[in-house]
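One structure below.
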Amino acid sequence: MRRLGSTRRTGRTRRRVTAAAACAAALAALTAVPAQAHEQRRVPHWELKDTGTPEVRFRGLAAVSRTTAWAAGTGGTVLRTTDGGATWRNVSPPGAAELQFRDVEAFDARRAVVLAIGEGEASRVYRTDDGGATWTESFRNTDPKAFYDCLAFFDARHGLAMSDPVDGRFRILSTGDGGRTWKVLPDAGMPAAQEGEAGFAASGQCLVTSGPKDVWLATGGAARARVLHSADRGHTWTATDTALPAGDPARGIFALAFRDRTHGLAVGGDFRPDQPSPKAAARTSDGGRTWRPAATPPPAYRSGVAWLPHSRTAALAVGPAGTDLTADGGRTWRTVDTGSYDTVDCTPDRGCWAAGEKGRVARLEH
């Protein structure tokens with residue numbers, strides 16, 4: 001084995017220092033404010049916002065801005081804030097207490113669509129146009145073989161929802177009117193699913209879009225963890241294998257994030273807390289045709305991921321065991337917080353929010 005001399009060790013040390021500095025700079029840039037004389041700036045960190053719902057686990061999150069966000073979770077709960085998390089309004093749909101909301105997509109402070117997950121009629125979609133004062137149930141699944149996991153929208157009108165495979169293929173639901181009506185798309189263009197393959201309804205990020213037509217779907221639970229891509233709003237798909245943990249119902253890709261139609265991130269692992277999650281992150285620069293494993297992945301299972309606004313290289317990944325930051329486009333990750341979160345979302349006005357168990361919702365602050 002080749003010995004490493006002092007020069008090589010110094011080089012590695014410099015690289016570690018450079019990576020740490022890049023991570024710190026990425027976080028600082030995210031929450032940058034105009035310089036003030038003698039201002040003492042603190043390190044950016046997650047600041048918990050009191051939601052008053054310690055019994056709820058929020059796996060659905062839609063960040064509209066630094067001041068407005070929606071959270072959806074267990075017990076049919078939907079919350080909304082318009083003052084940066086200082087106060088939260090419970091805007092849950094009536095009669096939904098037995099449902100589990102796992103995804104919410106919001107267009108602004110008044111318009112939002114939420115997805116309830118589960119077998120058969122437990123999978124439902126609701127829409128509001130008045131900030132949650134009233135809701136309309138726009139879809140209720142009647143196929144006992146379907147189980148819907150995630151929602152994603154291309155714009156305020158066009159969106160998709162995905163179900164675990166039905167008769168050997170993932171099922172895709174489509175809307176062209178902002179979630180008011182839905183239809184099942186033909187599955188002729190969908191590749192066959194692997195034995196045991198499914199999506200994970202862990203963070204609302206197993207189905208994501210970029211631009212007017214591109215959409216990606218993340219899978220797990222089978223021999224290989226895959227990413228499926230469609231460039232025509234879900235009519236035809238191609239599938240690509242990844243190196244993320246697979247081969248078990250608890251392993252796979254749990255979340256995707258694309259900053260444009262070519263550059264994407266995937267995170268996941270094994271959601272069981274007593275199991276390791278090696279190689280639980282990957283990146284693509286060709287729209288998902290190929291995926292490269294992270295050289296230094298997060299140290300544990302991660303269920304949510306989001307690119308930092310106005311950055312080509314920085315992103316956050318979250319999970320029950322902590323938050324990690326990459327400053328080099330997903331090549332390396334560094335843990336920056338040990339709090340428990342299931343999902344994360346960022347906005348163009350430099351707002352980043354996270355949500356998870358025990359009513360936890362936080363915003364990235366100084």
Side-chain angles (χ1 to χ4, degrees), residues 19 22-23 26 149-150 152 162 170 191 194 197-200 202-210 214-231 237-248 250-271 275-308 311-336 342-344 346:
C23 287
D149 300 296
C150 290
M162 62 156 284
F170 284 94
Q194 303 173 85
E197 192 171 26
F200 289 109
S203 60
Q205 296 178 318
C206 58
L207 184 73
V208 299
T209 64
S210 180
D214 286 277
V215 57
W216 295 264
L217 184 161
T219 82
R224 301 178 306 279
R226 304 194 297 173
V227 176
L228 280 63
H229 171 238
S230 171
W237 298 78
T238 56
T240 302
D241 293 347
T242 74
L244 268 75
D248 187 278
R251 298 175 186 159
I253 303 170
F254 284 72
L256 298 170
F258 276 78
R259 66 172 173 82
D260 53 39
R261 67 188 309 267
T262 57
H263 297 87
L265 301 169
V267 300
D270 190 319
F271 69 74
Q275 296 296 313
S277 292
K279 301 180 181 179
R283 58 192 172 92
T284 180
S285 58
D286 58 12
R289 288 190 293 273
T290 60
W291 290 86
R292 289 170 287 179
T296 306
Y301 155 71
R302 296 296 185 251
S303 54
V305 63
W307 290 92
L308 297 187
S311 174
R312 298 177 61 84
T313 58
L316 293 169
V318 301
T323 298
D324 301 289
L325 174 72
T326 179
D328 54 15
R331 293 175 179 84
T332 61
W333 295 84
R334 172 175 172 259
T335 301
V336 294
D342 292 311
T343 186
V344 60
C346 295

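Computation of the quantities below employed the complete heavy-atom set of this structure, encompassing side-chain atoms and omitting hydrogens, waters and symmetry-equivalent molecules. Nothing fancy with the numbering, it's 1 onward along the sequence.
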Just by distance, do the side chain of [X] and the backbone of [Y] share a donor-acceptor pair under 3.5 Å?
X    : Y    : answer
Q194 : R224 : yes
R302 : G269 : no
T209 : A152 : no
W307 : C346 : no
S230 : V215 : no
E197 : F170 : no
Q205 : V305 : yes
W291 : T240 : no

At what distance, to the nearest 0.5 angstrom, does [atom1] of [X] lie from [atom2] of [Y]?
X    : Y    : atom1 : atom2 : answer
T332 : L325 : OG1   : CG    : 9.0 Å
R334 : T296 : CZ    : OG1   : 12.5 Å
D286 : H229 : CG    : NE2   : 10.0 Å
D270 : L244 : CG    : CG    : 11.5 Å
D149 : M162 : CG    : CE    : 4.5 Å
R251 : S277 : CZ    : OG    : 8.5 Å

Taking the side chain as every heavy atom from C-beta outward, state whether [X] and [Y] have any pair of such atoms under 4.5 Å apart.
X    : Y    : value
T284 : T242 : no
S210 : W216 : yes
P298 : T335 : no
T313 : D328 : no
W333 : L265 : yes

How close do [X] and [Y] get, counting heavy atoms only, and between which atoms?
X    : Y    : answer
R259 : R312 : NE-O, 3.0 Å
P245 : A280 : CD-CA, 4.0 Å
S203 : S303 : OG-O, 2.6 Å
A225 : A246 : N-CB, 3.5 Å
R226 : A239 : NH1-CB, 3.5 Å
I253 : A266 : CG2-CB, 4.0 Å

Mind running side chain to side chain contact (heavy atoms under 4.5 Å, CB included) on R292 and S285 for me, showing each step along the way?
-> CA-CA 9 Å; R292 289 170 287 179; S285 58; 3.0 Å; yes
Taking the inter-plane angle between the rings of F254 and F200 on a 0 to 90° scale, is it parallel (under 30°), tilted (30 to 60°) or perpendicular (over 60°)?
-> parallel
Check salt bridge (Lys or Arg N to Asp or Glu O under 4.0 Å) between D248 and all other residues, then give those that pass, not counting sequence neighbours.
-> R272
Answer with yes or no whether the side chains of T326 and D324 bring together a donor and an acceptor at under 3.5 Å.
-> no
